[in-house]
2 protein chains.
Amino acid sequence: MNRDDLIPIPFVFEEPCPIRDVLDRIGDQWSLLILEVLAHGTMRFSQLERAIGDISKQMLSKTLRRLEEDGFVRRTLYPQVPPRVEYQLTDLGRSFLVPMKNLIAWANANHGAIRDARGDYRARGADR
Amino acid sequence: MNRDDLIPIPFVFEEPCPIRDVLDRIGDQWSLLILEVLAHGTMRFSQLERAIGDISKQMLSKTLRRLEEDGFVRRTLYPQVPPRVEYQLTDLGRSFLVPMKNLIAWANANHGAIRDARGDYRARGADR
DNA sequence: CGGTATCCAGGCCGATACTG
DNA sequence: CAGTATCGGCCTGGATACCG
């Protein structure tokens, strides 16, 4: 066995790995978008639906429940007829958006470079 | 929470949205893990395979090609028999890991809170 | 050694219909 | 209003076999 094989095992191998656990949630189609919208304040189900525009009720419901389950969002039911349900970020949800903002800033700053890289990749592929 | 903590929505609706574009890559099963491992230095295909342990050749190959396509990783082929291929982070890949480390730190710090929230959620669910 | 081709299972997600 | 139930397409990712 070569020395090169003795790679120090990074924390991403922890069981369960925290960052992978987190990415499994916000890496999906809608979670980040919903957290972003909720950063503006408390909103009702139908408000979220309209604010996002192209999300189905099912995915909005499922995603909100997962975010609630993980403690990012608090759901408040007012037992009226018709029912009124409000969603708001928890402290955990708000604190998550702090490091996330850095990543978003990076993405905005480097999106052009990524798109250029894709163009280069395809151009090189055309040579083959 | 004061007004300045509020994050403006607009950029998540950009077409195409940079952060969603980025998350589509590193939000998958293996990308972040591979970037982490490559942060330790240049590695060959089979080294990556052994370092990660439970990744299939297919997924390692696919993921590396996507990372290469997006400019996070550089692939170097040495035309020998048997072939030798080395992978290393590009400047873009390394710069990505900077904001990513903040998010990882958050995940590590708050993983307990998330797991607690899941426990609470299930406990409340048992009442229903 | 460093991949690709093929098959397959499971989950994500949209569309639609229905409900308290 | 705020969901749930059901169906179905698509994509991800695992296992395996094959190849230069």
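Letters go in sequence order (proteins before strands), and every chain restarts at 1. Bear in mind that the values here come from a model prediction, so they are computed numbers and not experimental data. Reckoned from all heavy atoms, side chains included, excluding hydrogens, waters and symmetry mates.
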Q: With DNA chain C as reference, determine whether R44(B) or S56(A) sits nearer its 5' end, using the nearest nucleotide of each.
A: R44(B)
Q. Would you call T63(B) and L33(B) a side-chain contact if the rule is heavy atoms closer than 4.5 Å?
A. no
Q) Taking all non-hydrogen atoms of both residues, which atom of L60(A) and which atom of E49(A) are closest, and how far apart? A) CD2-N, 3.7 Å
(Q) Keeping R94(B) on the side-chain end and A39(B) on the backbone end, is there a donor-acceptor pair under 3.5 Å? (A) no
Q) For R25(B), what residues pass the side-chain hydrogen bond (donor to acceptor under 3.5 Å, both in side chains) criterion, not counting sequence neighbours? A) D70(B)
Q. Any ion pair linking K101(A) and E36(A) (charged N to carboxylate O, less than 4.0 Å)?
A. no
Q | Angle of first-five versus last-five pair axes in the helix from dC1(C)-dG20(D) to dG20(C)-dC1(D), to 10 degrees | A | 40°
(Q) Within the 4.5 Å heavy-atom criterion, are L103(B) and V22(A) side-chain neighbours or not? (A) no
Q: Applying side-chain contact (heavy atoms from CB on, under 4.5 Å), name anything that partners R115(A), two or more places apart in sequence or on another chain.
A: H111(A), P16(B)
Which donor-acceptor pairs under 3.5 Å do the side chains of residues 72-82 of chain B make with protein atoms, sequence neighbours left out?
residue	atom	partner	partner atom	Å
R75(B)	NE	Y87(B)	OH	3.4
Y78(B)	OH	E86(B)	OE1	3.3

Q: Before giving the answer on side chain to side chain contact (heavy atoms under 4.5 Å, CB included), spell out for Q88(B) and L38(B) the whole-Å C-alpha distance, their side-chain angles and the decisive distance to 0.1 Å.
A: CA-CA 6 Å; Q88(B) 58 189 307; L38(B) 283 178; 5.8 Å; no
Q) Can you tell me how far P of dG2(C) sits from CD1 of I55(B), to the nearest Å? A) 15 Å
Q) Would you call I52(B) and W30(B) a side-chain contact if the rule is heavy atoms closer than 4.5 Å? A) yes
Q | D24(A) with R66(A): basic N within carboxylate O range, under 4.0 Å | A | no
Q) Q80(A) CD to dG20(C) C1': how many Å, rounded? A) 15 Å
Q: Could you pick out which residue, P83(A) or T63(A), lies toward the 5' side of DNA chain C when each is mapped onto its nearest nucleotide?
A: T63(A)
Q. Taking 5' to 3' order, which nucleotide of DNA chain D is first and which is last to have an atom within less than 4.0 Å of a heavy atom in chain A?
A. dC1(D) to dT6(D)
Q) Tell me, for nucleotides 3-8 of chain C in 5' to 3' order, what letter each nucleotide earns: B for a base near a protein heavy atom under 4.0 Å, S for only sugar-phosphate near one, - for neither? A) BSBB--
Q: Can you tell me the distance, in whole Å, between the CD atom of E49(A) and the P atom of dA15(C)?
A: 12 Å
Q: Quickly work out the L77(A) CG to dG20(C) P distance and round it to whole Å.
A: 16 Å
